[in-house]
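What follows is a set of notes on a single structure, which appears directly below.
In what follows, chains carry the letters A, B, and so on, assigned in the order in which the sequence lines appear, proteins first and then strands, with residues in each chain numbered from 1. Computation of the quantities below employed the complete heavy-atom set of this structure, encompassing side-chain atoms and omitting hydrogens, waters and symmetry-equivalent molecules.
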Number of protein chains: 2
Amino acid sequence: MGENGGRRVRVDAQRNIDALLDAAKVVFSTSGVDAPVREIAAKAGVGVGTFYRHFPLRSDLVTAVFRREVDACADAAPALAAEYEPGEALSRWIYRFTDFIATKRGLAAALHSGDPAFNVLPDYFLQRLGPALGGLLDAATAAGAVRAEVSPQDLLYAVSNLCISGEDGGNHGRRMVALLIDGLKYGAMKTS
Amino acid sequence: MGENGGRRVRVDAQRNIDALLDAAKVVFSTSGVDAPVREIAAKAGVGVGTFYRHFPLRSDLVTAVFRREVDACADAAPALAAEYEPGEALSRWIYRFTDFIATKRGLAAALHSGDPAFNVLPDYFLQRLGPALGGLLDAATAAGAVRAEVSPQDLLYAVSNLCISGEDGGNHGRRMVALLIDGLKYGAMKTS
DNA sequence: GCTCTTCTGGAAGAGCGTTCCGCTTCTGCG
DNA sequence: CGCAGAAGCGGAACGCTCTTCCAGAAGAGC
């Protein structure tokens, strides 16, 4: 259970699933989560029949895209940690997260639409992103790059809220996030 | 400006407008605000052409129904005040308001949908209902039927929030509102 | 290479919003 | 009262959508 029933997925099918997911990601941010199925299928280069074979419910597609992007964002954390010093890795990841949020305006509305199919998404969001950010935060704190008294959740929510309000293409959000990051660093300077 | 351009509305047209509003009220609470236009028109006994003649934008219908019901609720206040003693009038009006809120689940979603056409509705809600409840509240306070330290807005919001949470057909909401009302009365007893 | 299974694509069915226009009904005036 | 002319009416028709379905194409295993 949970796996996939024991059957292997045929390679062409997997290719189409990936194409659909890629296309959906683009179309969602362009035309919103309510974009026509035909548009997504066309952009993926497949027929609508193929779409419905893999995503019988529209919400299946939405959750799949969402999880995929949350995963990508979470996976960026260790990569950045390996490449940059702790403070820099933290900043970069937060900006990465900001971009993620900025493209999810329509999706946020879907989340609050009351459809039970979306109830698990917020949990997934927190469980995946919380530890990712937590690792970076701990490292940066240990290195004395930022103040200590902020929890991953606090930061996640703060950035989310900062980006939801503005309507100027996300610039307001980005500027406010920059302020927040500077605040973290300033806190460390004061302490040291 | 604002009036209706100087033209009088033909009586048959007005009859149809009322029929549409009545039908929409019922259909909205049955099938939600996204109910098919055909369904509303059919229930009103008119063609879809008539519907679009009077409500070119779907949001026109929604706002019209909303205002109409807010008005009806507000107008109930003086009527109740005339018929019952202050404490009883207040209770009855709050239950009346509870029923109003209970049937607006779908509409609340529409309000937060971000459509600019709905931006004026919350203001209308407060400006119309605030004074209505305020009058009843003052009378009841003066008569020593309830405690004094509650504002109309507080009560309006409290009741709204109480009714939004429950999903059991509004019974949970009604019971919580009953508690709230008893709380008001208890406060008066303690004081007296 | 052959067969069996899975997957594919798009036609087709059903619904919905919206427009359009010939016909009906009302209103004001003579 | 009767008669234009304006206002309003209804619903067919169009275009777009979601969703289903199945004949044929494409992989997988032997």
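With values rounded to the nearest 0.5 angstrom, H54(A) atom NE2 is found 4.5 Å from I17(A) atom CD1.
The side chain of H54(A) contributes no N or O atom lying less than 4.0 Å from OP1 or OP2 of dC7(C).
Under the rule for a side-chain contact (heavy atoms from CB on, under 4.5 Å), the partners of L57(B) that lie at least two apart in sequence or sit in another chain are S59(B), D60(B). By the salt bridge (charged side-chain N to carboxylate O under 4.0 Å, His left out) test, R10(B) pairs with D12(B), sequence neighbours left out.
In this structure, N16(A) places its CG atom 6 Å from P of dG9(C), rounding to the nearest Å. The nearest whole Å value for the distance from the CZ atom in R58(B) to the P atom in dC16(C) is 11 Å. One atom, CD of E39(B), and another, P of dG17(C), lie 10 Å apart when rounded to the nearest Å.
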Original post:
When you look at L155(B) and L184(B), which way does the side chain to side chain contact (heavy atoms under 4.5 Å, CB included) test go after all the steps?
Top reply: CA-CA 10 Å; L155(B) 220 45; L184(B) 284 171; 4.1 Å; yes

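Base-pair partner of dC30(D): dG1(C) (Watson-Crick or G-U wobble, both distances under 3.5 Å).
Using modelled atom types and a 3.5 Å distance limit, the side chains of D138(B) and T141(B) yield no donor-acceptor pair.
No path of Ile, Leu, Val, Met, Phe, Trp and Tyr side chains, each step under 4.5 Å between heavy atoms, connects V46(A) with V11(A), placing them in separate hydrophobic clusters. Hydrophobic clustering keeps V26(A) apart from V62(A) (ILVMFWY residues linked when any side-chain heavy atoms are closer than 4.5 Å, directly or through intermediates).
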**OP:** For each nucleotide in nucleotides 20-30 of chain D, reading 5' to 3', give B when a protein heavy atom comes within less than 4.0 Å of its base, S when such contact involves only the sugar-phosphate, and - otherwise.
**Re:** BB----BSSS-

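Ionic pairing of D123(B) and R128(B) is not present here: no N-O contact between side-chain nitrogen and carboxylate oxygen is shorter than 4.0 angstrom. Salt bridge status for D22(A) with K43(A): absent, with no side-chain N to carboxylate O gap under 4.0 Å.
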Show me the side-chain donor-acceptor pairs of residues 84-95 of chain A shorter than 3.5 Å, one per line, residues at least two apart or across chains.
unit_1: Y84(A); atom_1: OH; unit_2: R92(A); atom_2: NH1; d: 3.3
unit_1: E88(A); atom_1: OE2; unit_2: R92(A); atom_2: NE; d: 2.7
unit_1: E88(A); atom_1: OE2; unit_2: R92(A); atom_2: NH2; d: 3.4
unit_1: S91(A); atom_1: OG; unit_2: G87(A); atom_2: O; d: 3.1
unit_1: S91(A); atom_1: OG; unit_2: K185(A); atom_2: NZ; d: 3.3
unit_1: W93(A); atom_1: NE1; unit_2: C73(A); atom_2: O; d: 2.9

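Residues from residues 30-38 of chain B lying near DNA chain C, meaning a heavy-atom separation below 4.0 Å, are A35(B), P36(B), V37(B), R38(B) in numerical order. Of all the residues in residues 22-29 of chain A, not one reaches under 4.0 Å from DNA chain C with any non-hydrogen atom.
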